[in-house]
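Let me begin by presenting the structure, written as C-alpha cells, before commenting on it.
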Amino acid sequence: PSALQRPQASGVHPSSPPDSGTSSRALPGRLAFCDLRRVMGGLGAEDAGVAVAAGEMVYIPAGEPHLPFNPGPEPVVAVIARTDPNEQESVVLLPELARRIRAEDHAGGQVAFSRALEFGLFLTLPAAFAIAVIAVPMVATLFERGAFGPNDTQMTARALIVYALGLPAFVLQKILQPLYFAREDTRTPFRFALISMVVNAVAAFGLMPIFGFLAAALGTTIAAWIMVAQLWWGTRSMGQAARADARLRRSFPRILLASALMAAVLWATRGWLEAAGLGRGAGLAILVFGGAALYFALAFVIVGYRPSEL
C-alpha cells in the first residue's frame, strides 16, 4: 500500500504525526498527492496516491517521494506544513494552465506559460546579476567578524557567485514542470530529475581535484541547467502551449540588457563606495536598494513595462 496516509475523519490525522514529514490541508477544491514510486511502477497518478477534499488533511512521512497535483478543473488552495528540518518543499499548482490544456485552448495556454516564464526571468535574471556583482560586500557585511576573516569572505563569495549563476535555472524548472503536470505526466520530470542528480554527483566529485570546495556549487548549478535543458527539450511535442509568444521573445533580450546595465552600475558603485570609506552596512544598503530601484526604472524604459503590470 502507498505510504501516503489519509485521515479517517475530516480535519485531523488519527494519530499525532512524527517529528518530520509533510502535512497538507486542502481549502476550496480538491487536492491530490501521488506516490512517485508507484507512478514509476506504471500506475497512473490518480491510482497511485490519495485525494484530499476541502477541509481534510493528509500526512506524508519523511522520505516518501510525492508530488501534489490538481485533479479537477477548479483552482485549489492548500496549506502545507513541512516539519522535516532537513528538507524544503515548494508547491506550485497551475490550474489555469491545466484547464486550458484540457479545453484545447492552446493560445490561452501559451499566454499563461509565457507570462509565467517572463515574470520568472524578470525577477531572477537581475537577482543573479546583482548577487554575482556584490557577493563580496554582501558576505563581508553579513559574516566577516571574529574567526571569519577576509580570506573566508573571498572563498564564500566565490561559491555564492557560482550559485547565483544557477538561480534562474532553479526558477525555470518550477515554470517548465507544470507543462508536464498539466498533462498528467509525472514520470518524465522525475526521470529528468534522476539524470540531473547523477550529473550533480559526477560534476561535484569530478571537478573537486580542479576547483576544490567550489566543485559542489558547480555541480549544483550545472545540474540545474541540465534539468532546464531536459525539460525544455521535452516540450517539443507539446505544441503551441509550450512555445514562447511574441511578447516573451521581445521582452527577454530587453530584460537581459536591463539586468546587465544594472550590474555594470553596481560594479562601478561598489568601487566608489569602497574608496569613500562608508560603513559596510550602509554601503550594502545603497547597493541593494539602489540596484533594485535602478533595475525597475530600466525595466520601465527598456522593456516597456507599466507599473500596473508589476
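- In this structure, OG1 in T269 is found 8.5 Å from CG in L294, a value given to the nearest 0.5 Å.
- Each of L123 and L165 belongs to its own hydrophobic cluster when Ile, Leu, Val, Met, Phe, Trp and Tyr are linked at side-chain heavy-atom distances under 4.5 angstrom.
- The OG1 atom of T156 sits 9.0 Å away from the CG atom of N151 when rounded to the nearest 0.5 Å.
- Under the 4.5 Å side-chain heavy-atom criterion for grouping Ile, Leu, Val, Met, Phe, Trp and Tyr, L167 is not connected to V136 through any hydrophobic cluster.
- In the hydrophobic clustering of this structure, F170 does not group with I226; members are Ile, Leu, Val, Met, Phe, Trp, Tyr whose side-chain heavy atoms approach within less than 4.5 Å, directly or through other members.
- Between the side chain of W233 and the backbone N or O of V228 there is no donor-acceptor pair closer than 3.5 Å.
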Practice task
Report the C-alpha separation of Y295 and I255 in whole Å, then their side-chain angles, then the decisive distance to 0.1 Å, and conclude whether the side-chain contact (heavy atoms from CB on, under 4.5 Å) test is met.
Solution key: CA-CA 9 Å; Y295 174 71; I255 292 173; 3.6 Å; yes
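- Residues L284 and M138 come closest through the heavy atom pair CD1-CA, 3.9 Å.
- Side chain of R254 to backbone of A299: no donor-acceptor contact under 3.5 angstrom is found.
- Closest approach of E118 to S251, counting heavy atoms only: OE2-OG, 3.3 Å.
- In terms of the side chain to side chain contact (heavy atoms under 4.5 Å, CB included) criterion, residue partners of F192 (sequence neighbours excluded) are, by chain and number, Y180, T188, M227, Q230, L231.
- Between P168 and W225, some side-chain heavy-atom pair lies under the 4.5 Å cut-off.
- A distance-only check finds no donor-acceptor pair linking the side chain of R270 to the backbone of L287 [under 3.5 Å].
- With contacts defined as side-chain heavy-atom distances shorter than 4.5 Å, the pair F181/T186 qualifies.
- Atom CG of L176 and atom CE of M238 lie 9.0 Å apart (nearest 0.5 Å).
- Between the side chain of R145 and the backbone N or O of T141, at least one donor-acceptor pair lies under 3.5 Å.
- For the pair L257 and L298, the minimum side-chain heavy-atom distance is 4.5 Å or more.
- I134 has its side chain within reach of V288: a pair of non-hydrogen atoms, C-beta onward, lies under 4.5 Å apart.
- For the atom pair L172 CG and Q177 CD, the distance stands at 11.0 Å (nearest 0.5 Å).
- With contacts defined as side-chain heavy-atom distances shorter than 4.5 Å, the pair S114/V111 does not qualify.
- Annotation for L179 and A242: closest pair CD1-CB, 4.0 Å, computed over non-hydrogen atoms.
- Atom CE of M155 is separated from atom CZ of F148 by 10.5 Å, given to the nearest 0.5 angstrom.
- Every residue two or more places apart in sequence or in another chain was checked for a ring pair (Phe, Tyr, Trp, His ring centres under 6.0 Å) with F129, and none qualifies.
- Remark: side-chain polar atoms of D185 are paired, donor with acceptor, to backbone N or O of R187 under 3.5 angstrom.
- Across A130 and M262, no two heavy atoms sit closer than the pair CB-CE, 3.9 Å.
- Remark: S259 OG to F122 CZ distance equals 8.5 Å, nearest 0.5 Å.
- For the pair G120 and V171, the tightest heavy-atom approach, listed with the atom from each and the gap, is CA-CG1, 4.3 Å.
- Between I131 and I161 there is no side-chain heavy-atom pair separated by less than 4.5 Å.
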Can you list, pair by pair, the side-chain donor-acceptor contacts under 3.5 Å of residues 204-224, counting residues two or more places apart and other chains?
{"residue": "T220", "atom": "OG1", "partner": "A216", "partner atom": "O", "Å": "3.1"}
{"residue": "T221", "atom": "OG1", "partner": "V162", "partner atom": "O", "Å": "2.8"}
{"residue": "T221", "atom": "OG1", "partner": "A217", "partner atom": "O", "Å": "3.2"}

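- For the pair Q110 (side chain) and R243 (backbone), a donor-acceptor distance under 3.5 Å is present.
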Practice task
Take L121 and L256, measure what side-chain contact (heavy atoms from CB on, under 4.5 Å) needs, and give me the verdict at the end.
Solution key: CA-CA 9 Å; L121 292 170; L256 192 61; over 6 Å; no
